[in-house]
Each structure stands twice: as structure tokens, then as C-alpha cells.
S.K.: 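Attaching a single structure in C-alpha cells format; questions to follow.
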Amino acid sequence: MFFSIVIPTYNRADLITETIRSVQNQKFDDWECIVIDDGSKDNTKEIVENLIKKDKRIRYIYQENTERSAARNNGIKNALGEYICFLDSDDEFQPNHLSVLYTTIHASKEKNQVYYVDMEVRTEENVKIVSDPLNGEDIFHFLCYHPLIPARICAPSSILKANLFDKDIVVVEDLILWLRLADFFSFRHISESTVIYNLHGGNSVDLANTGFQKRLAGLKVFIKRYPSLWNKLLKKDQAFLIGNSHFGIARHHIYHKRKWKAIKELILSVWFQKQHHQLKHKIYLILQLLKGNYEY
């Protein structure tokens, strides 16, 4: 078997069918699809098992709710394919996703390599193609500024089985794993948009949620757990990751009209990113908040 597609899911019974269908519609058919149910309370199990009755390439594994890093790790450990792809349960693959990957991998002379594709970001209002070529950029710097969602990544199973996600980190767990992999393996960009990323209110970094708080907490674990790797990042990149997280937390508090908490986080963001292009905007926000204006 060539590809294993790992789909972690939690209470996405209304979306999981379309996600799995996007795998079934692949032009390349040497794959298995592993759905890791992270303790869903809805009828996810029933829906997936009905799909399995018609397609034995789909597998279902249930686990108690322990967040998506543990779910992806469970899928990696159970994967039988030579290469592993990821797909969140509200996103989709274009029909040529696996065939594009296979062609590139088959033609490559470098076997221990991580591949990533372009993606199509869909909202209710529009569709946008996101392409992030390396262009000779330092890989650590690149990864800090170009978030690669797991669905864009494909890597040899041998690499991922030896380098699992940090299961106690959420929201930023993918960036941390990619940085860990970049310390030993090369990344190759495939300039074809073969992933559909559906952006909606349920996404973890939505301002109504606490995604940026979790992101900052994950970065703090990263700094403590992998100090030598953290120190490989440029100072400005470290400042960007921390400062941008504080800015996101500030926007979350503005959304909920928490003036003083928002001002505190904006000050912290300014402290970490004194030379950032958004400096004037952040100061403006602080002044507006002091006036009781929550528009941003």
C-alpha cells in the first residue's frame, strides 16, 4: 500500500462523509483511509461504518477524547502505507491530490523528504489559492511565517512513526512537528493546489474561541522541551511567534469586549515586536480601547 490518509475527527458527523468522499474520489487508488474518532458523542461511528461496508479501504478506530495530536498519532501508529497524508474532518482533497504526490515522489531521488502542496481556502464569501514556494528560504524562517496545515503535508511513514506529534500541545502542534522534522529532513514544495481548506467559525483560531491562548501555551511547551531547536530560530522569528500570539489573544478579548485584558495583551505584543509593521496599528487599538471603542 502506498498512502495512508489519517483523519482525526470529533463530533463532525455532518461533515465527515464529504471528507471521506474526497478520498474515495482520488484518481490514484492505492490507499487506505484511517478515521480516528476522538471520542465523538454524535453518530460519527454509524456514518463511517456504513461507508466501510461499501469500501474496505476505510478503517475506523475509536479512542477516548484526548485531542487531535493524540488522534493523529494513533493514526500514524496504525498506518500501513509507505507514505502518510493527513486530512481534517472538515476539509477535502482534490481528485488529483494523491496522483500528484505519487508522481512527484516516484520521480524524486530523495526518499527521506517531506512534501507539501498548495491549497484552496474556501469561505462563505470567496475562494483563495494559497501557494508558499520555498524559493531558497531558510526552512525554519519559512515555517514560522507560512503555516502548513497537516492536509498539505505528505511524509514517509518511517519518518512520522519516529517523530510523532506532541500530544499535550494543541493548535500549534503541527508547526512544532514540522520544525522538528526540518531539523533533519528537507521539505519540497509541490506547486499544485490539491487541498481544500474550509474556513469557518469552528476553526481553532476563530476569534470567538481561545485558539491563540492555546497557541501561546503550546509555544511555551516547545521552548521548554526543545530549547536547542527554539534557539535555531532567528530572534525576529521567535518574537513574531510570541508577539503574534499575544496579538491574537488581544483580538479575542476585543471581540468579547474585555478592555483591560485586551490592552495588556496588546502591550505584550508590542514588547515582543517593537519593530513590527503593525506597531502603529497596535498603539492605535490601545488608544481606541482606552476611549471605549472596540472596533478593530
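Computed from a predicted model, the values in this text were never measured in an experiment.
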S.K.: Using a distance-only test with no angle check, is there a side-chain donor-acceptor pair under 3.5 angstrom linking H97 and T194?
M.R.: yes
S.K.: Could you tell me whether the side chain of L179 reaches within less than 4.5 Å of the side chain of L233, counting heavy atoms only?
M.R.: yes
S.K.: F247 ring centre to K282 NZ or CZ under 6.0 Å, with the angle to the axis within 45°?
M.R.: yes
S.K.: Check the surroundings of atom NZ in K54: do more than 12 heavy atoms from other residues, nucleotides or ligands lie under 6.0 Å from it?
M.R.: no
S.K.: What class does the angle between the rings of Y102 and F2 fall in, given that below 30° is parallel, 30 to 60° is tilted and above 60° is perpendicular?
M.R.: perpendicular
S.K.: In this structure, would V121 and V127 fall into the same cluster of hydrophobic residues linked by side-chain contacts under 4.5 Å?
M.R.: no
S.K.: Could you please spell out the steps behind the salt bridge (Lys or Arg N to Asp or Glu O under 4.0 Å) verdict for K45 and D37?
M.R.: CA-CA 8 Å; K45 180 179 180 180; D37 187 345; over 6 Å; no
S.K.: Just checking, is any N or O donor in the side chain of S99 or K27 under 3.5 Å from an acceptor N or O on the other one?
M.R.: no
S.K.: How many angstroms lie between atom CD1 of I36 and atom CG of N74, to the nearest 0.5 angstrom?
M.R.: 4.5 Å
S.K.: Supply the atom-to-atom distance I7 CD1 to C33 SG, rounded to the nearest 0.5 angstrom.
M.R.: 3.5 Å
S.K.: Within the supplied structure, the quantity of interest is the number of heavy atoms (other residues, nucleotides, ligands) at a distance under 6.0 Å from K220 NZ; does it exceed 12?
M.R.: no
S.K.: For the residue pair D118 and S131, confirm or rule out a side-chain donor-acceptor distance under 3.5 Å.
M.R.: yes
S.K.: Classify the ring geometry of F142 against H146: parallel below 30°, tilted from 30° to 60°, perpendicular beyond 60°.
M.R.: parallel
S.K.: Just by distance, with hydrogens left out, do Y145 and D237 show a side-chain donor and acceptor under 3.5 Å apart?
M.R.: yes
S.K.: If you define the side chain from C-beta out and look only at heavy atoms, does anything of Q94 sit under 4.5 Å from E120?
M.R.: yes
S.K.: If you draw a 6.0 Å radius around CZ in F184, do more than 12 non-hydrogen atoms from other residues or ligands fall strictly inside?
M.R.: no
S.K.: Does one side chain, of T123 or N126, offer a donor that lies under 3.5 Å from an acceptor on the other?
M.R.: yes
S.K.: Using the side-chain contact (heavy atoms from CB on, under 4.5 Å) criterion, which residues pair with A239? Sequence neighbours excluded.
M.R.: none
S.K.: Are any of the side-chain heavy atoms of W271 and L266 separated by less than 4.5 Å?
M.R.: no
S.K.: Nearest 0.5 Å please: distance from the CG atom of L175 over to the CG atom of L241.
M.R.: 6.0 Å
S.K.: Would you please name every residue forming a side-chain hydrogen bond (donor to acceptor under 3.5 Å, both in side chains) with T66, sequence neighbours left out?
M.R.: Q63
S.K.: Which residues pass the salt bridge (charged side-chain N to carboxylate O under 4.0 Å, His left out) test with D42, sequence neighbours left out?
M.R.: none
S.K.: Taking the six-membered ring for Trp, are F3 and F28 parallel (under 30°), tilted (30 to 60°) or perpendicular (over 60°)?
M.R.: perpendicular
S.K.: Near R21 CZ, under 6.0 Å, is it more than 12 heavy atoms from other residues, nucleotides or ligands?
M.R.: no
S.K.: Establish whether I159 and L80 are linked, either directly or via other cluster members, by ILVMFWY side-chain heavy-atom contacts under 4.5 Å.
M.R.: no
S.K.: Are more than 12 heavy atoms, taken from residues, nucleotides or ligands other than E64, located less than 6.0 Å from that residue's CD atom?
M.R.: no
S.K.: Per the side chain to side chain donor-acceptor pair (under 3.5 Å) rule, which among D88, D174, D38 passes with R72?
M.R.: D88
S.K.: Between the side chains of N65 and Y10, is a donor N or O closer than 3.5 angstrom to an acceptor N or O?
M.R.: no
